[in-house]
Amino acid sequence: MRRILTVSAPRDADSDGNSRIASAPRQVWRDVTPTWAPERSLLKMARIKVMTHQHHANSSRVRARRSDVPLANPPPGTRLASIRDHLESMGAPRFRYSQVVTAMRRGEPDTFESIHELPADLRRSLTERFGPRLLPIVPVSCRSAEQVEKVIFESDPGTRFETVLSRYRAGWSSICVSSQAGCGLGCTFCATGATGLARNLTADEIYAQVMHPRWRQQGEGLPDSVAFMGMGEALANPHVFDALTLLSDSGFGDISPRRITVSTVGFAPNLQTLTKEHPQVTITLSVHSPFSEERARLIPLERRFPLGDSLTILDEHAAVARRKIYLAYLLIAGVNDTQDHMHRLARIVGARSRPELFHVSVIRYNQAVGADPAFHAPSSPQVNRFVGGLRALGVHATRRRQFGSSIDAACGQLHARYVASTASGDSDVDQRPAASAEHRLLRVLPPDRQESRPAAPECGRRAESHR
């Protein structure tokens, strides 16, 4: 016998989240004989088959619509913008640029020639214009410890910077990127500050640290979170804002701004800009001492931009964006670990308009090459007591877990071989004089990259263990 089957149409959701019918129910003729159970099963299978076909048709239309959405324009002056302009000058259709960006995100091809989706003439033209490599940086050295991998990248000859990837037992990863080659602020506890400033990194060089195929050699995806806690003062480099745009924009990095952390010692003017242009990015302010004179000895920028200036900016940001603010506190034995420090820090947090949104992250000092030799790490019980004391005073506080100190990969230890290190055992050290003059803080040198140089040999075996 023939019977009409009324097949329910798939349900969709409107802009308010309410369920609605996406289209009218379909009536389909089917030959069925509902006399015993096997035939009822066939009837059910027929209904499922029709609904499945409709579902796949809808999914295909959704994918088609998404493929029609063009990429956002890359920030002007970036390498990605130059690649787009070059393809347009070659008369290539717009989707060719999307294929290049997709290849970068996929992390499989290392060179333009390896993007097989592109015609041979475009691959050849891109290679002639930008050099063989898809990204403007190459790894020159790598070291691994349990749960941590540190890579030294190079862009133009002599410009080196370090990137650290941490893997957690929970199954996610976090990458710590550098914003400058060296640093000009001269913080007395930091190895990077002892190297002086070579130059600011470009937005492309920062973006490339996250997208580099190096991190996906074992089939892993992009890092789950990004922290601007590597070499350099992030907010002293204006290119960081374009890098944040690339990392968070759909199609380029597509990383949620809430999973990006920018750390600063208090470069107040650009901190204000950060809160306005990227309000959802997580911010960490390095405090290290609640007393101005002492903080100035640790962080010389305190004399130019006092801690209070940054706290005022973050106070307003917390009230408007309602985002948690992190205050980093590097605990140094016999320097900033007293009860007076603890109580003064608690009063500073308590004076905020939204003190519940300020969280103190206490970091145990790491021995760093080039840092003040009088500085020493406190014992683990001392750190725990300091954290416990802050909590007793009503402050949200935790101790930051650290890994990689054995390979100079922990907080304050990055130096990219610009200074000698007994921990790393590096022999090819490039000694550079410290250059902390304030007029260099906003200096932006034009990149002069040599893209055609060969890649570095494969780094050593990666650590297999996870946090």
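- To the nearest 0.5 Å, atoms NE2 (H278) and CD1 (I283) are separated by 11.0 Å.
- Between the side chain of R105 and the backbone N or O of V101 there is no donor-acceptor pair closer than 3.5 Å.
- T188 contributes a side-chain N or O that, together with a main-chain N or O of R297, makes up a donor-acceptor pair within less than 3.5 Å.
- Atoms CG and CZ, from L118 and F95 in turn, are 9.0 Å apart once rounded to the nearest 0.5 Å.
- For L134 against P109, the heavy-atom pair with the smallest separation is CD2-O, 3.9 Å.
- Not a single donor-acceptor pair under 3.5 Å links the side chain of N237 to the backbone N or O of N200.
- Distance alone, capped at 3.5 Å, is enough to place a donor-acceptor pair between the T245 side chain and the F241 backbone.
- Across all their heavy atoms, L222 and V210 have their closest contact at CD2-O, 4.0 Å.
- To the nearest 0.5 Å, atoms CD1 (I255) and CG (D249) are separated by 11.5 Å.
- Judged by distance alone, the side chain of R323 and the main-chain N or O of H317 form no donor-acceptor pair under 3.5 Å.
- In this structure, the side chain of D372 does not engage the main chain of F189 through any donor-acceptor pair within 3.5 Å.
- Among residues two or more places apart in sequence or in another chain, the side-chain hydrogen bond (donor to acceptor under 3.5 Å, both in side chains) test is passed with T102 by none.
- Taking 4.5 Å as the limit, every side-chain heavy atom of L122 sits out of range of all side-chain heavy atoms of I115.
- The aromatic rings of F252 and Y207 lie perpendicular to each other, with more than 60° between the two planes, well past the 30° mark.
- Note that CZ of F375 is 5.0 Å distant from CG of L298, once rounded to the nearest 0.5 Å.
- The line from CG of D204 to CE of M211 is 12.0 Å long, rounded to the nearest 0.5 Å.
- No side-chain heavy atom of Q180 sits less than 4.5 Å from a side-chain heavy atom of T192.
- Here the two rings, on H341 and Y329, have centers that are 6.0 Å apart or farther.
- Using a 4.5 Å heavy-atom threshold, the side chains of M229 and T284 count as touching.
- Between R160 and E154 there is no salt bridge, since no side-chain N of the basic residue sits under 4.0 Å from a carboxylate O of the acidic one.
- Annotation: side chain of E316 is not in contact with side chain of T312 (no heavy-atom distance under 4.5 Å).
- In this structure, the side chains of H288 and C187 stay at 4.5 Å or more apart for every pair of heavy atoms.
- Judged purely by distance below 3.5 Å, without hydrogens or angles, the side chains of R96 and Q99 pair a donor atom with an acceptor atom.
- In plain terms, the two heavy atoms of L165 and P223 that are nearest each other are CD1-CG, 4.1 Å.
- Salt bridge E205/R199: present, at least one basic N to carboxylate O contact under 4.0 Å.
- With contacts defined as side-chain heavy-atom distances shorter than 4.5 Å, the pair L247/F228 qualifies.
- Between R303 and P300 there is a side-chain heavy-atom pair separated by less than 4.5 Å.
- With no hydrogens or angles considered, a side-chain donor-acceptor pair links T264 and E233 at under 3.5 Å.
- With R399 contributing its side chain and N384 its backbone, the two residues share no donor-acceptor pair below 3.5 Å.
- Checking E113, E128, E117 one by one against R123, the salt bridge (Lys or Arg N to Asp or Glu O under 4.0 Å) holds for a single residue, E113.
- One distance of note links SG of C142 with CD of E149; it measures 4.5 Å at 0.5 Å rounding.
- R259 places no side-chain N or O within donor-acceptor distance of the main-chain N or O of S225, the cut-off being under 3.5 Å.
- Judged purely by atom type and a 3.5 angstrom limit, Q209 uses its side chain to pair as donor or acceptor with the backbone of S178.
- For R354, the side chain to side chain contact (heavy atoms under 4.5 Å, CB included) test picks out R322, E356, L357, with sequence neighbours left out.
- When all heavy atoms are compared, the tightest approach of A318 to I325 is CB-CG1, 4.2 Å.
- At a threshold of 4.5 Å between non-hydrogen side-chain atoms, the residues L307 and I299 do not count as touching.
- Summarising the geometry of I137 relative to S155, their closest heavy-atom pair is CG2-CB, 4.3 Å, with the distance given to 0.1 Å.
- A donor and an acceptor atom, one from each side chain of N336 and S289, are nowhere located under 3.5 Å apart.
- Heavy-atom minimum distance, S286 versus S263: OG-OG, 4.0 Å.
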Donor-acceptor pairs under 3.5 Å, side chain of residues 80-88 to any protein atom, not counting sequence neighbours: which ones?
from : atom 1 : to   : atom 2 : distance (Å)
S82  : OG     : T78  : O      : 3.3
R84  : NH1    : N73  : OD1    : 3.1
H86  : NE2    : S125 : OG     : 2.7

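- Judged by distance alone, with hydrogens and angles left aside, the side-chain atoms of R79 form a donor-acceptor pair with the main-chain N or O of F130 at under 3.5 Å.
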